Amino acid sequence: MGAEPIISLRDVTKVYRQGSVDVHALRGLTMDVEAGEFTAICGPSGSGKTTMLNLIGALDAMTSGSIVLEGRELASLNKKELSELRRDRIGFVFQAYNLMPVLTAYENAEMVLWVQGVDGPSRRERVMGLLEQVGLKGMENRRPSELSGGQQQRVAIARAIASNPVVVLADEPTANVDSETAETLLELMEELNREQGVTFVFSTHDPQVMERARRVVRLVDGRVASDERR
């Protein structure tokens with residue numbers, strides 16, 4: 001664990017306007033995430049789990065408070081800087097995989113490196129190694145429609161870690177797969193965390209994720225209700 005947290009949230013609020021009603025998704029949330037964590041954010045529907053990940057990942061803007069990622073205050077960054085931060089420092093794994101259907105597994109995993117301007121040979125070496133690591137050797141030319149849900153999520157994990165991000169944000173990553181596939185995916189992410197130090201923060205309802213997490217943060221009504229480290 002690093003001495004300084006890689007992510008700090010201080011008194012973070014998020015209010016959505018729905019018609020004439022203000023919906024408070026987060027209410028003064030404060031917490032830190034340190035390098036190397038394998039953390040589950042859990043809680044009932046509407047507790048603020050996905051909102052919290054979206055704010056950390058600069059996919060949405062907070063209403064008030066402070067979020068600092070690797071010493072950079074997100075509210076102080078412009079659109080270009082936020083886009084580069086998402087591209088270079090944050091990996092995303094989504095419930096619905098979010099793969100490009102017209103691209104192969106290789107091309108989906110390669111996308112971030114291509115946008116970063118990494119040269120072709122270096123991209124190929126990195127991506128082929130990642131696909132082998134996530135158990136997809138020989139499947140690099142398959143499109144998402146030719147892959148199972150679990151295989152698609154493996155591509156998404158390869159894509160998420162391709163640029164060596166400071167943190168991978170995984171929003172309900174096991175929700176669309178069966179329990180056996182979920183177990184395999186979690187073992188893969190645990191291995192990446194343990195052997196390569198990849199930091200994972202999950203939002204989840206899945207007891208399997210909570211059981212394997214080394215830290216479980218429970219949100220209720222947009223606030224931290226409990227924070228248990230194991």
Side-chain angles (χ1 to χ4, degrees), residues 1 6-7 9 25-26 29 31-57 59 90-99 105 108-109 130-137 139 144 147-162 165-230:
M1 293 289 181
I6 57 172
I7 302 166
L9 297 90
L26 294 179
L29 189 145
M31 66 172 284
D32 292 331
V33 176
E34 296 180 344
E37 286 195 16
F38 199 73
T39 293
I41 311 297
C42 62
S45 295
S47 60
K49 303 184 299 295
T50 295
T51 298
M52 177 184 162
L53 258 62
N54 287 344
L55 295 182
I56 294 172
L59 297 172
I90 304 168
F92 296 95
V93 179
F94 300 97
Q95 176 178 342
Y97 319 133
N98 286 20
L99 301 178
N108 269 286
L130 285 171
L131 291 176
E132 181 173 0
Q133 193 172 1
V134 302
L136 294 177
K137 185 178 181 180
M139 299 185 188
L147 298 169
S148 69
Q151 289 168 340
Q152 289 183 65
Q153 198 63 299
R154 287 168 180 266
V155 176
I157 292 168
R159 178 185 61 189
I161 64 173
V166 66
V167 63
V168 173
L169 304 176
D171 189 15
E172 300 279 5
T174 59
N176 286 341
V177 297
D178 61 65
S179 59
E180 186 177 341
T181 302
E183 189 78 11
T184 304
L185 289 170
L186 285 166
E187 287 174 359
L188 168 62
M189 289 185 277
E190 269 191 322
E191 182 181 322
L192 292 167
N193 172 260
R194 184 175 60 249
E195 296 185 3
Q196 298 185 25
V198 179
T199 303
F200 282 91
V201 179
F202 303 87
S203 74
T204 188
H205 286 98
D206 188 345
Q208 289 186 88
V209 179
M210 290 181 253
E211 194 175 294
R212 286 179 174 269
R214 294 198 303 276
R215 179 185 182 191
V216 177
V217 178
R218 297 183 186 276
L219 301 187
V220 176
D221 295 332
R223 298 185 178 95
V224 175
S226 65
D227 188 345
E228 176 192 354
R229 294 180 184 270
R230 300 166 180 172

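Everything numeric here is computed off the predicted structure, so don't read it as measured data.
The closest side-chain heavy-atom distance from R159 to N98 is below 4.5 Å. Contact of the V209 side chain with the L186 side chain is registered, since non-hydrogen atoms from C-beta on lie closer than 4.5 Å. Inter-residue side-chain proximity for Q133 and L192 is flagged as met; some heavy-atom pair is nearer than 4.5 Å. Counting only heavy atoms from C-beta outward, the side chains of L29 and M52 approach each other to under 4.5 Å. You'll find the side chain of R229 reaches within 4.5 Å of the side chain of E37, heavy atoms only. Taking the side chain as every heavy atom from C-beta outward, F200 and V93 never approach each other to under 4.5 Å. The side-chain heavy atoms of L185 and P173, taken from C-beta on, include no pair separated by under 4.5 Å. Proximity of L53 to F94: side-chain heavy atoms (C-beta onward) are nowhere separated by under 4.5 Å.
One distance of note links CD1 of I157 with CZ of F92; it measures 15.0 Å at 0.5 Å rounding. Here D171 contributes atom CG and I41 contributes atom CD1; the two are 11.0 Å apart, rounded to the nearest 0.5 Å. The distance from the CZ atom of R230 to the CZ atom of F38 is 11.5 Å, given to the nearest 0.5 Å. Distance check: T181 OG1 to N176 CG gives 11.5 Å after rounding to the nearest 0.5 Å. Atom CD1 of I7 sits about 9.5 Å away from atom CG of D32, to the nearest 0.5 Å. Note that the NE2 atom of H205 and the NZ atom of K49 stand 3.5 Å from one another [nearest 0.5 Å].
Checked for salt-bridge contact, R214 and E190 miss the test: no charged N lies under 4.0 Å from a carboxylate O.
Under the 3.5 Å distance criterion, the side-chain polar atoms of N193 are matched with a main-chain donor or acceptor of V198. No side-chain donor-acceptor contact under 3.5 Å links N54 to the backbone of L59.
Residue E180 qualifies as open at atom CD: its count of foreign heavy atoms under 6.0 Å is 12 or below. The number of heavy-atom neighbours closer than 6.0 Å to CZ of R218, taken from other residues, nucleotides and ligands shown, is 12 or below. Other residues, nucleotides and ligands place more than 12 heavy atoms under 6.0 Å from the CD atom of E228. The 12-atom threshold is not exceeded at CG of D221, counting heavy atoms of other residues, nucleotides or ligands nearer than 6.0 Å.
Taking all atoms of both residues into account, the shortest heavy-atom contact from T39 to A213 is C-CB, 4.5 Å. Closest non-hydrogen pair, L55 versus L26, comes out as CD1-CD1, 3.6 Å. Looking at every heavy atom in both residues, A105 comes nearest to L147 through CB-CD1, 4.3 Å. The minimum heavy-atom distance between G91 and P165, with the atom names listed, is N-CB, 3.5 Å.
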Should R212 and E183 be marked as a salt bridge (Lys or Arg N to Asp or Glu O under 4.0 Å) after you check the CA-CA gap, both sets of side-chain angles, and the distance that decides it? CA-CA 10 Å; R212 286 179 174 269; E183 189 78 11; 2.4 Å; yes
Would L219 and M31 count as a side-chain contact (heavy atoms from CB on, under 4.5 Å) here? Give the steps. CA-CA 11 Å; L219 301 187; M31 66 172 284; 5.8 Å; no
For V155 and M139: C-alpha separation, side-chain torsions, deciding distance, then whether side-chain contact (heavy atoms from CB on, under 4.5 Å) applies. CA-CA 10 Å; V155 176; M139 299 185 188; over 6 Å; no
Passes side-chain contact (heavy atoms from CB on, under 4.5 Å), V168 versus V201? Steps please. CA-CA 6 Å; V168 173; V201 179; over 6 Å; no
